[in-house]
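The block underneath contains the structure these notes are about, expressed in structure tokens.
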Amino acid sequence: MPELPEVETTRRGIAPFLVGRRIAAVRVRETRLRWPVELPDLAGREILAVERRAKYLLLRFDEGALLLHLGMSGSLRVVGSGAAAGKHDHVDLDLDSGRSVRLTDPRRFGSLHFLADAPERHWLLRDLGLEPLSAAFDGAYLHAKARRRRVPVKHLLMDARVVVGIGNIYANEALHGAGIRPSLKAHRLSRPRCEALVAAVKETLTAAIRHGGTTLRDFVGGDGRPGYFRGELKVYGRAGEPCVRCSAPLVGTRTGQRATVYCRNCQR
DNA sequence: CCCAAGACCTGGCGGC
DNA sequence: TGCCGCCAGGTCTTGG
């Protein structure tokens, strides 16, 4: 579920409750996430920072870090320690403040690892591409990556080895913003169109973060509140409705396995 | 190397 | 109400 804006919203929501606090206890009620959860005893460890890389969250200790992914249906919330746990509340990190960070994830596609060494060397992070909001992610970079690829440009945007954090919602939105048809083969993208696409990605993600992310069903930020970008979506979930730019009915289709929506008139 | 499809899970929804 | 099939924000793995 969560794409970069939702993960970033979560990070900002929980960080104030975590940074400078110590872990009092870790309670793992369900180890069967994407990979089996195996954590060392973290009691007494101080959380120095809460960072994000791609769609991963990183809780840094003086030595080591927790690496967490929310998968499709995961969320993190700050609750009072000892708050009753529901069926899908798989992990609690109890803090010395009397609060806990609770990981909830019905589909269990999320993950939680303890990293003893440098996070960037971990196999889950090692091969990741650029952060979309970094200066390095620009038209020249995207153009160079697009050249040899025959996949639809939408796939390229969602390829974490190229650029991270963009999932199905924001890929659809950014392509509409840039006026590019999702099915266009990546290698046919001109350099100027790459520039336009990069700009649209940055604008879309920045706006989504400003609105606290997109809640379709069950996403909540660290404070338990949903995101409000859903009302700002221009194409995702709007197949058959009029394009906000030209009023033509939006087309709903499939690219690979994923739902794709675009405007036949203003996306070429 | 590139690419498409399958796999992993649960829950909500529409249709009958 | 109940059951059934389909769909969902991700991404690793497999096989061609």
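In what follows, every chain begins at residue 1, and chains take the letters A, B, ... in the order their sequences are listed. Computed from a predicted structure; not experimentally measured.
- Computed from coordinates, the Gln257(A) CD to dA7(B) P distance equals 11 Å when rounded to whole Å.
- Side-chain proximity of Tyr236(A) to the nucleotides dG10(C), dG9(C), dA4(B) is greatest for dG9(C).
- Salt bridge annotation for Asp89(A)-Arg29(A): absent, with no cationic side-chain nitrogen under 4.0 angstrom from a carboxylate oxygen.
- Spacing of C1' atoms, dG9(C) relative to dC3(B), comes out at 23 Å, to the nearest Å.
- For the segment residues 101-125 of chain A, residues with any heavy atom less than 4.0 angstrom from an atom of DNA chain C are, sorted by number, Arg107(A), Phe109(A), Leu124(A).
- Rounded to a whole angstrom, the distance from the P atom of dG6(B) to that of dC6(C) is 14 Å.
- The backbone N or O of Leu233(A) lies less than 3.5 Å from no partner atom in the side chain of Glu173(A), so there is not a single donor-acceptor pair.
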Secondary structure of DNA chain C in dot-bracket form (Watson-Crick or G-U wobble, distances below 3.5 Å, | marking inter-strand pairs): .|||||||.|||||||
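- Atom NZ of Lys145(A) is separated from atom P of dC1(B) by 12 Å (rounded to the nearest Å).
- Contact check, His69(A) against dG10(C): no side-chain N or O comes under 4.0 Å of OP1 or OP2.
- Dashed line: the shortest gap from a side-chain N or O of Arg147(A) to OP1 or OP2 of dC2(B) is not under 4.0 Å.
- With hydrogens and angles disregarded, a donor-acceptor distance shorter than 3.5 Å links the side chain of Asn168(A) to the backbone of Ala259(A).
- The pair Glu131(A)-Arg52(A) counts as a salt bridge, with a side-chain nitrogen and a carboxylate oxygen less than 4.0 angstrom apart.
- Counting any heavy atom pair closer than 4.0 Å across all strands shown, Arg150(A) reaches sugar-phosphate atoms only and no base atom.
- At whole-Å resolution of the value, CG in Leu70(A) and C1' in dG10(C) are 11 Å apart.
- Asp159(A) and Arg149(A) are joined by a salt bridge, as a carboxylate oxygen and a charged side-chain nitrogen come within less than 4.0 angstrom of each other.
- Within 4.0 Å of Ala259(A), counting heavy atoms only, lie sugar-phosphate atoms of the nucleic acid but no base atom.
- Taking atom CE on Met158(A) and atom P on dT11(C), their separation rounds to 9 Å, with Å as the unit.
- No donor-acceptor pair closer than 3.5 Å links the side chain of Ser100(A) to the backbone N or O of Val79(A).
- OP1 or OP2 of dC3(B) has at least one side-chain nitrogen or oxygen of Arg149(A) nearer than 4.0 Å.
- The CG-P distance, from Asn168(A) to dT11(C), rounds to 12 Å in whole Å.
- Lys154(A) has its NZ atom 14 Å from the P atom of dT11(C), to the nearest Å.
- Side-chain atoms of Glu120(A) never come within 3.5 Å of backbone atoms of Leu125(A) as a donor-acceptor pair (strictly under, hydrogens ignored).
- The distance between atom CG of Leu68(A) and atom C1' of dG10(C), rounded to the nearest whole Å, is 14 Å.
- Note on ring orientation: taking the six-membered ring where Trp is involved, the planes of Trp123(A) and Trp35(A) are perpendicular (angle over 60°, cut-offs 30° and 60°).
- Looking at heavy atoms from C-beta onward, Pro2(A) lies out of side-chain contact with Thr10(A) at the 4.5 angstrom threshold.
- Comparing dC9(B) with dT14(C), their P atoms are spaced 15 Å from each other, to the whole Å.
- Distances shown here put a side-chain N or O of Lys87(A) below 4.0 Å from the OP1 or OP2 atom of dG11(B).
- Looking only at distances, a side-chain donor or acceptor of Arg238(A) sits under 3.5 Å from a matching main-chain atom of Lys234(A).
- Taking only side-chain nitrogens and oxygens, His88(A) never comes nearer than 4.0 Å to OP1 or OP2 of dC9(B).
- The phosphate of dG9(C) has OP1 or OP2 within less than 4.0 Å of a side-chain N or O from Arg258(A).
- Between the C1' atom of dG9(C) and the CG atom of Leu205(A) lies a distance of 14 Å, rounded to the nearest Å.
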